[in-house]
S.K.: 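Input: one structure, supplied below.
For the single chain, residues carry numbers from 1 onward in sequence order. Since the structure is predicted, the reported quantities are computational estimates derived from the model, not experimental observations.
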Amino acid sequence: MANDVPPQEGPKPFYLREKIGEMVKYGYPLTMRFSRKDRELADQLRVSMLTVYRLSVEIDKKYYKKTTVQNLDVELAVLRQLVQMAADKDFYGGKHPPPLTIQQYEVWARFNNEIGRLLGGYIKSLA
């Protein structure tokens with residue numbers, strides 16, 4: 001006879017970490033193409049992306065998560081500001097184009113916004 005009980009699923013992967021991984025896969029190669037004069041900003045973007053990823057792994061593995069979640073929220077805000085700075089024409093003046101195009105900025109901002117929504121839902125679930 002057919003068994004109507006669905007098979008047991010294993011633990012689901014941490015979706016927030018997956019989305020952050022996708023953002024890193026998109027943004028990391030972009031920062032490698034920044035010009036020499038923008039190298040410091042590219043370095044800060046890479047450090048921030050990797051910090052966000054590292055914090056998401058910590059959240060997945062730790063038992064008490066509130067401070068780590070807060071640190072991730074702050075680092076995501078820093079990353080958002082750095083991405084915005086990398087696409088800001090006023091920041092670079094009229095002579096030089098910003099290292100990120102408008103389309104690259106929009107895609108990266110969508111990644112960051114989705115991560116922010118997932119993180120916000122996760123923070124609400126902890127409260």
S.K.: For Arg39 and Thr31, which heavy atoms make the closest approach, and how far apart are they?
M.R.: NH1-O, 3.7 Å
S.K.: Keeping the roles fixed (side chain from Asp73, backbone from Val69), state whether a donor-acceptor pair exists under 3.5 Å.
M.R.: no
S.K.: Would you say Val57 and Val74 are hydrophobically clustered, going by side-chain heavy atoms of ILVMFWY under 4.5 Å?
M.R.: no
S.K.: Compare all side-chain heavy atoms of Tyr15 with those of Lys19 and state whether any distance is below 4.5 angstrom.
M.R.: yes
S.K.: Could you pull out the closest heavy-atom pair between Pro99 and Ala86, with the gap in Å?
M.R.: CD-O, 3.1 Å
S.K.: Do you know which two heavy atoms are closest between Ala42 and Phe34, and how far apart they sit?
M.R.: CB-CD2, 3.5 Å
S.K.: On a heavy-atom basis, which atom in Arg17 and which in Ser56 lie closest, and how many Å separate them?
M.R.: CG-OG, 3.4 Å
S.K.: Just verifying a value: how many Å separate Ile20 CD1 and Asn112 CG, rounded to the nearest 0.5 Å?
M.R.: 9.5 Å
S.K.: Identify whether the distance between the nearest side-chain nitrogen and carboxylate oxygen of Arg117 and Glu114 falls below 4.0 Å.
M.R.: no
S.K.: Hey, quick one: are Val47 and Val24 part of the same hydrophobic cluster, counting side-chain heavy atoms closer than 4.5 Å, chains of contacts allowed?
M.R.: no
S.K.: In terms of hydrophobic clusters joined by side-chain contacts under 4.5 Å, are Ile102 and Val83 together?
M.R.: no
S.K.: Are side-chain heavy atoms of Tyr26 and Gln104 found at a separation under 4.5 Å?
M.R.: yes
S.K.: Could you pull out the closest heavy-atom pair between Gln44 and Leu82, with the gap in Å?
M.R.: O-CD1, 3.8 Å
S.K.: Can you tell me if Lys124 has over 12 outside heavy atoms packed within less than 6.0 Å of its NZ?
M.R.: no
S.K.: For Tyr105, check ring-ring contact (aromatic ring centres under 6.0 Å, His included) against everything at least two apart and list the hits.
M.R.: none
S.K.: Could you grab the distance from atom CG of Leu45 to atom CD of Gln81, nearest 0.5 Å is fine?
M.R.: 11.5 Å
S.K.: Who are the side-chain hydrogen bond (donor to acceptor under 3.5 Å, both in side chains) partners of Arg54, not counting sequence neighbours?
M.R.: Glu58
S.K.: Could you tell me the separation between the CD atom of Glu106 and the CG atom of Asn113, rounded to the nearest 0.5 Å?
M.R.: 11.5 Å
S.K.: Report the residues that fulfil ring-ring contact (aromatic ring centres under 6.0 Å, His included) with Phe91, sequence neighbours left out, ordered by chain and then residue number.
M.R.: none
S.K.: For residues Ser48 and Leu79, report the shortest heavy-atom separation together with the two atoms involved.
M.R.: OG-CB, 3.4 Å
S.K.: Out of the candidates Ile123, Leu55, Thr67, only one should pair with Leu72 under the side chain to side chain contact (heavy atoms under 4.5 Å, CB included) rule; please name it.
M.R.: Leu55
S.K.: Rounded to the nearest 0.5 Å, what separates atom CG in Asp38 from atom CG in Leu100?
M.R.: 9.0 Å
